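Notes for the one structure printed next.
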Amino acid sequence: MTTATEISNRIIEAVMAQKLAPGSRLGEQQLAMLFDCSRTIVREALTRLSTRGIVTVSARRGWYVIEPSEDEAREAFEARRVIELGLLHQLKAVDKAAVRQLKSHLQREKAALAGADVGVRSFLLGDFHVCLAECLGNSLLADTLRDFTARTTLIAMLYQSSHDAAQSCADHVRIVEALEAGDIARAEVLMSEHIGTVQDALRLQASHDPLAELRDALAPVRKSASAPAAGPAKVRAPSKAIAKKPVSPPSDNASTYLGALL
């Protein structure tokens with residue numbers, strides 16, 4: 001029987017492969033059918049992912065993949081920068097076995113870039129950072145980075161990242177080259193630049209203004225660019241000839257992404 005750990009790992013992998021989008025609904029019954037297990041085991045897996053910040057639950061919608069806010073997006077990248085730069089900063093040297101393992105990962109990245117499977121490519125590019133922590137002998141930080149990498153993958157999907165996959169791979173190659181040469185300081189600089197480049201590719205506002213949308217909507221309407229400013233504008237009732245388009249209620253169907261998990 002499938003375990004809660006296996007289910008949670010598969011969901012994390014699906015997120016990193018961009019097969020589960022932000023806001024995807026994760027129905028307990030559907031997951032139980034997909035993994036051939038009880039809803040109790042599914043609920044345990046989803047509860048674990050909730051504590052790790054990957055899914056959330058509400059009384060109305062049930063379980064669903066998180067949709068990070070802009071502030072949460074910035075915090076996620078700041079956390080990754082602290083963890084990954086700190087990991088490199090405390091290094092004294094990198095052994096040959098670790099370099100070989102990192103180079104093997106880079107070969108898989110390059111093969112994925114040449115292939116047509118976007119999911120594999122997305123997963124490997126994100127998993128490089130997890131692999132780096134594992135190769136440097138810190139499994140605890142590797143687990144933490146896996147969760148943060150999943151979150152930043154969701155952020156990239158939600159905020160329409162324009163970052164190029166080939167550029168990410170090239171950045172990874174330069175980082176490994178610096179580590180192989182024993183230039184830890186350069187590897188740290190390159191990692192900082194890499195994380196910054198990925199973050200800069202997101203379509204985030206320069207500063208978060210919670211009233212921005214309302215402020216724009218309620219700004220005075222000018223009928224003509226040359227018209228002088230007048231007193232308060234009168235609000236006209238909408239014409240009866242204009243029919244309002246009905247708004248469709250949100251769907252409660254299970255996410256179409258669930259099928260991609262298997």
Side-chain angles (χ1 to χ4, degrees), residues 9-22 24 52-54 65-66 68 72-74 76-85 87-88 94 98-136 138-139 141-180 186-204 257 260-261:
N9 287 343
R10 291 281 290 279
I11 292 175
I12 290 286
E13 289 174 2
V15 167
M16 291 176 64
Q18 298 188 9
K19 291 181 179 179
L20 277 173
S24 296
R52 293 164 64 180
I54 305 300
V65 180
I66 62 165
E72 289 170 333
R74 293 188 184 92
F77 277 96
E78 288 170 5
R80 278 191 58 180
R81 187 175 285 106
V82 169
I83 293 171
E84 299 193 57
L85 298 188
L87 182 63
L88 292 171
V94 182
V99 172
R100 284 196 300 269
Q101 189 173 342
L102 287 168
K103 283 187 172 182
S104 176
H105 189 96
L106 291 177
Q107 289 301 318
R108 294 196 296 275
E109 281 189 25
K110 293 174 182 177
L113 284 173
D117 194 328
V118 177
V120 172
R121 181 181 67 195
S122 174
F123 175 82
L124 288 172
L125 289 173
D127 196 52
F128 168 82
H129 299 268
V130 181
C131 179
L132 177 61
E134 290 175 338
C135 289
L136 299 182
N138 199 316
S139 59
L141 286 184
D143 289 340
T144 302
L145 279 173
R146 184 175 288 104
D147 292 348
F148 276 114
T149 301
R151 288 174 69 90
T152 50
T153 299
L154 291 170
I155 290 164
M157 297 171 69
L158 187 61
Y159 294 102
Q160 302 174 9
S161 173
S162 60
H163 189 65
D164 182 57
Q167 181 181 351
S168 270
C169 184
D171 289 348
H172 295 168
V173 169
R174 286 191 289 270
I175 292 168
V176 173
E177 287 175 346
L179 290 174
E180 184 178 21
R186 175 158 176 75
E188 187 177 345
V189 170
L190 290 171
M191 180 64 79
S192 178
E193 292 175 352
H194 170 61
I195 296 174
T197 300
V198 174
Q199 183 176 7
D200 290 343
L202 301 175
R203 296 182 180 179
L204 296 176
Y257 289 92
L261 288 173

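This is a predicted model, so every value here is computed, not measured. We count residues from 1, following the sequence as given.
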- Note on the structure: All heavy atoms of Arg146 vs all of Ile12, minimum pair found to be CG-CG2, 3.9 Å
- Query: Any donor-acceptor pair under 3.5 Å linking the side chain of Ser122 with the backbone of Gly119?
  - Reply: no
- Which distance, rounded to the nearest 0.5 Å, do you find between the CD of Glu188 and the CG of Leu87? 10.0 Å
- Task: Mark yes or no for whether Arg151, through its side chain, and Gly53, through its backbone, hold a donor-acceptor pair below 3.5 Å.
- Result: yes
- What is the minimum heavy-atom distance between Leu158 and Pro68, and which atoms define it? CD2-O, 3.2 Å
- Heavy-atom side-chain contact between Lys103 and Glu180 under 4.5 Å: yes
- Minimal non-hydrogen separation, Met16 against Gly126, with atom names: CE-C, 3.9 Å
- Query: Rounded to the nearest 0.5 Å, how far does CZ of Arg81 lie from NE2 of His194?
  - Reply: 11.0 Å
- Note on the structure: Output for pair (Cys169 SG, Arg108 CZ), nearest 0.5 Å, gives 12.0 Å
- Distance col, row Leu124:CG vs Gln107:CD, nearest 0.5 angstrom, shows 12.0 Å
- Query: Step by step, would you call Phe123 with Asp117 a side chain to side chain contact (heavy atoms under 4.5 Å, CB included)?
  - Reply: CA-CA 10 Å; Phe123 175 82; Asp117 194 328; over 6 Å; no
- Message: To the closest 0.5 Å, what do you measure between OH (Tyr159) and CD (Gln199)?
- Response: 12.0 Å
- Item | Pairwise side-chain contact, Leu106 with Glu109, heavy-atom cut-off 4.5 Å (strictly under) | yes
- Arg52, CZ atom: more than 12 neighbouring heavy atoms under 6.0 Å: yes
- Message: Less than 3.5 Å apart, any donor N or O on the side chain of Ser104 or Arg100 sitting next to an acceptor on the other?
- Response: no
- For the side chain of Thr197 and the backbone of Glu193, is there at least one donor-acceptor N/O pair under 3.5 Å apart? yes
- Query: Shortest non-hydrogen contact from Ala76 to Ile155?
  - Reply: CB-CD1, 3.8 Å
- Message: Asp200: which residues meet the side-chain contact (heavy atoms from CB on, under 4.5 Å) condition with it, sequence neighbours left out?
- Response: none
- Leu113 side, atom CG; Leu125 side, atom CG - distance, nearest 0.5 Å: 6.0 Å
- Task: Measure the shortest side-chain to side-chain distance between Leu190 and Asp171 over non-hydrogen atoms and say whether it is less than 4.5 angstrom.
- Result: no
- Task: Measure the shortest side-chain to side-chain distance between Asp127 and Thr149 over non-hydrogen atoms and say whether it is less than 4.5 angstrom.
- Result: no
- Heavy-atom nearest pair, Ala156 first then Leu202, reads CA-CD2, 3.7 Å
- Query: Using the ring of each side chain (for Trp, its six-membered ring), is His172 parallel, tilted or perpendicular to His129, with breaks at 30° and 60°?
  - Reply: perpendicular
- How close do Leu132 and Leu179 get, heavy atom to heavy atom, and via which atoms? CD1-CD1, 3.8 Å
- Message: Using side-chain heavy atoms (C-beta onward) and a distance below 4.5 Å, is Thr152 in contact with Val198?
- Response: no
